[in-house]
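Numbers here simply count residues along the sequence, with the first being 1. All ligand and atom numbering here is 1-based and tracks the order in the structure.
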Amino acid sequence: MEVYLDNNATTMVDPKVFEEMKPFFIEKYGNPNSLHRFGAGTHPKMLEALNYLYEGINAADEDDIVITANATESINSVIKGIWVDKILNGDKKHIITSEVEHPAVTAACKFLESQGVAVTYLPVNEQGVLEASAVKEYIKEDTALVSIMWANNETGKIFPIKEIGQICKAAGVPFHTDATQAIGKVKVDVQDTNVDYLTFSAHKFHGPKGVGGTYIRKGYTLTPLLHGGEQMGGLRAGTVDVASMVGMGLAMKLATSPIALAHEEGHIKRLRDKLENAILEIPETIVIGGKENRTPNTTLISIRGVEGESMLWDLNQNGVGASTGSACASEDLEANPVMNAFGSDSELAHTGVRLSLSRFNTEEQIDYAINVIKNAVERLRGLSSSYAYAPESHKSAL
Ligand SMILES: Cc1ncc(COP(=O)(O)O)c(CN[C@@H](CS)C(=O)O)c1O
């Protein structure tokens with residue numbers, strides 16, 4: 001049996017989405033910017049997709065949604081656009097973000113630091129969540145942007161976006177949230193949360209890889225990251241990947257409907273809890289950050305005495321796909337930075353296993369995965385020359 005439990009890394013394209021995309025490769029293949037029928041033939045479905053995207057995050061008609069290649073491009077377009085507009089060509093000097101953002105945010109902020117921008121990386125508490133009050137404490141007259149993720153990709157922890165949005169609005173500071181791990185898992189509403197910029201990737205909610213979006217509230221501008229043609233009203237040059245845009249639109253509609261979100265909170269959460277609680281029956285296992293206030297599909301579990309990479313190999317040999325943390329950090333054997341941010345010691349920061357479910361996982365698959373994981377832990381602990389059962393040490397070290 002094969003069981004895919006790495007949906008926070010990427011998801012399978014929903015077959016309905018795939019069907020929706022097909023005509024735009026060999027039938028409606030015109031360039032949407034061409035005036036002839038071959039180009040104009042793409043417009044109805046592109047407009048429909050755009051409407052689905054607006055509905056999915058409750059964007060107002062007068063707001064903008066720019067189609068990009070992925071969340072990484074969208075995040076860079078916001079952070080570097082603010083840099084150009086508010087810092088290079090304005091009187092601002094400072095950006096606020098958190099210690100547990102995705103590398104797309106952190107690396108873009110590190111680049112700005114190399115250009116002389118002051119960046120505050122707010123710490124998280126032992127539950128891995130940032131206190132909204134910390135944003136208020138660090139906002140200054142010269143703060144150009146606050147960028148805080150909606151949900152963490154490794155722990156699933158949900159951040160206080162509504163409160164942070166209120167603080168930023170009161171201070172007159174633009175607020176960006178990286179909603180890549182929130183869309184399709186929890187309700188994302190830009191009107192209710194005072195978000196000014198929001199970024200996402202279709203392949204996180206059963207759309208195709210290689211397409212994403214940037215939400216820009218009316219009245220907020222961004223100097224484009226990419227210059228060239230007049231696509232997206234000049235906000236993002238380059239011929240639009242029509243098939244992927246159409247796929248992303250339908251994926252957004254399917255993933256954010258009230259029924260879909262209820263299914264996440266009900267069935268998916270129940271399967272995640274079943275998987276998690278079965279693993280926690282194994283001695284010296286801990287949910288990193290605790291169980292509260294998480295996306296319903298994610299668990300990051302530390303299994304003392306079991307190196308994360310060894311665990312992944314064992315799982316993979318038995319048909320189970322998982323990760324030790326974000327896929328983009330999976331190549332290096334560094335300790336998990338998110339676990340480090342929680343203050344876990346270096347030994348434990350190598351023991352995390354991330355399991356992330358989707359609507360395509362079944363109860364039978366979860367039962368199989370539980371069995372495979374329990375057998376892997378027993379085998380790997382038996383092979384370990386350094387592991388000795390010491391239950392008290394595990395709890396205190398996280
Ligand atoms: C919160 C968050 N923000 C941005 C990205 C980047 O998405 P792209 O489509 O790769 O550009 C991701 C993708 N995180 C994957 C791959 S590193 C993970 O395994 O956790 C994310 O989780």
Side-chain angles (χ1 to χ4, degrees), residues 4-13 53 57 66-80 97-110 121 124 128-130 147-159 161 164 176-186 188 195 197-215 225-226 236 241 244-245 247-248 251-252 255 288-289 294-295 297-300 308-309 312 321-332 334 336-339 341 352-358:
Y4 182 69
L5 295 174
D6 199 18
N7 286 280
N8 285 8
T10 195
T11 61
M12 178 186 81
V13 172
L53 295 176
I57 59 172
V66 180
I67 307 303
T68 64
N70 47 42
T72 297
E73 179 193 334
S74 294
I75 289 163
N76 275 269
S77 68
V78 171
I79 293 175
K80 291 170 181 172
T97 186
S98 84
E99 282 184 348
V100 292
E101 301 290 320
H102 182 271
V105 170
T106 307
C109 288
K110 291 291 181 195
Y121 300 89
V124 293
V129 177
L130 180 141
S147 177
I148 303 292
M149 65 189 348
W150 198 297
N152 184 267
N153 49 316
E154 305 199 345
T155 60
K157 286 291 177 175
I158 298 167
F159 284 52
I161 296 303
I164 294 171
H176 162 246
T177 186
D178 170 12
T180 306
Q181 291 290 348
I183 291 178
K185 298 180 177 109
V186 294
V188 171
V195 166
Y197 302 99
L198 179 141
T199 47
F200 55 90
S201 247
H203 71 102
K204 305 295 184 182
F205 49 88
H206 303 292
K209 296 171 187 57
V211 65
T214 311
Y215 161 82
L225 193 62
L226 302 180
R236 199 270 187 176
D241 177 343
S244 294
M245 177 182 174
M248 178 163 68
M252 176 75 88
I288 306 302
R294 293 181 294 173
T295 48
N297 79 311
T298 302
T299 181
L300 179 65
E309 278 69 25
L312 296 189
S323 68
T324 55
S326 68
C328 47
S330 58
E331 296 307 312
D332 64 41
E334 293 298 311
N336 182 310
V338 170
M339 288 174 72
V353 177
R354 180 182 71 174
L355 301 165
S356 47
L357 285 69
S358 86

Per-atom contacts, ligand 1 versus [X] - under 4.0 Å to a heavy atom:
X      : value
Met149 : 1 (C)
Asn70  : 9 (O), 11 (O)
Asn8   : 15 (C), 18 (C), 19 (O), 20 (O)

**Report entry** Val211 side chain near Asp241 side chain, heavy-atom distance below 4.5 Å
**Finding:** no

Query - Partner residues of His206 under the side chain to side chain donor-acceptor pair (under 3.5 Å) criterion, sequence neighbours left out - result: none

Query - Close approach, Lys204 and ligand 1, non-hydrogen under 4.0 angstrom - result: yes

**Report entry** Heavy-atom gap Arg354 to ligand 1 smaller than 4.0 Å
**Finding:** yes

Query raised in the report: Quick check: does any side chain N or O of Lys157 sit under 3.5 Å from a backbone N or O of Gly289, one acting as donor and the other as acceptor?
Result: yes

Report summary line: The ring-ring contact (aromatic ring centres under 6.0 Å, His included) partners of Tyr197 (sequence neighbours excluded) come to Tyr220

**Report entry** Side chain, backbone, both or neither: Ser201 near ligand 1, heavy atoms under 4.0 Å
**Finding:** side chain

Query raised in the report: How does Glu73 reach ligand 1, by side chain, by backbone, by both or by neither, if only non-hydrogen atoms under 4.0 Å count?
Result: neither

Query raised in the report: For the residue pair Thr68 and Ser74, what are the closest heavy atoms and their distance?
Result: OG1-OG, 2.7 Å

